[in-house]
Amino acid sequence: MLIKVLIMSDKVQPNPSEAPTHDAQLAAEQIVSGEKKAPKVDFEADYASAQQFSVSEIDRTGEGKTAAETATAPKYEIPEQEETKTETQSTGNPDDYVEMAKEIGASKIEAVTIVSDDLVQQALQKGEAAKK
């Protein structure tokens, strides 16, 4: 059960008004009223216990490193990166696109232009003509 407490030295002083749940508030009230004993806090013993759990037995040997490498090894072979070059080739007549560019960039002061289905269709047709 979670109880928000104020810990000063090794004494627990619960504060019922700061309890996050109703159960924690009831437990804190019982501790404050004396119905229930406050849990004892032994920081040194808790710290010593935590140190034992911080490193597993296998990690204390060379097998730990081997087991970690095996567990995290990729399951598939990863190919080396290859650099690829892409060269663009001029296709079609640039004059074909002048009219379309004028339609798209008709306004120099407006940031947004309207792209219609007809305009997209024209671009596709001109692109197909350049491939031929």
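Since we're looking at a predicted model, the values are computed, not measured.
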To the nearest 0.5 angstrom, please state how far the [atom1] atom of [X] sits from the [atom2] atom of [Y].
X: T21; Y: L26; atom1: OG1; atom2: CG; value: 8.5 Å
X: Q122; Y: D117; atom1: CD; atom2: CG; value: 11.5 Å
X: K85; Y: E83; atom1: NZ; atom2: CD; value: 7.0 Å

Residues that [X] engages under side chain to side chain contact (heavy atoms under 4.5 Å, CB included), provided they are two or more places apart:
X: E35; result: Q30, S33
X: Q121; result: L124, Q125
X: E69; result: K65
X: I58; result: S56, T61, E63, A67

For S17, give me all partners under side-chain hydrogen bond (donor to acceptor under 3.5 Å, both in side chains), at least two apart in sequence or on another chain.
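S17 satisfies side-chain hydrogen bond (donor to acceptor under 3.5 Å, both in side chains) with N15 once adjacent residues are dropped.
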
CD (Q51) with more than 12 external heavy atoms under 6.0 Å: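 Counting other residues, nucleotides and ligands, CD of Q51 exceeds 12 neighbours.
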
Nearest non-hydrogen partners of P16 and A28, listed with the distance: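 Taking P16 first and A28 second, the nearest heavy atoms are CA-CB, 3.8 Å.
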
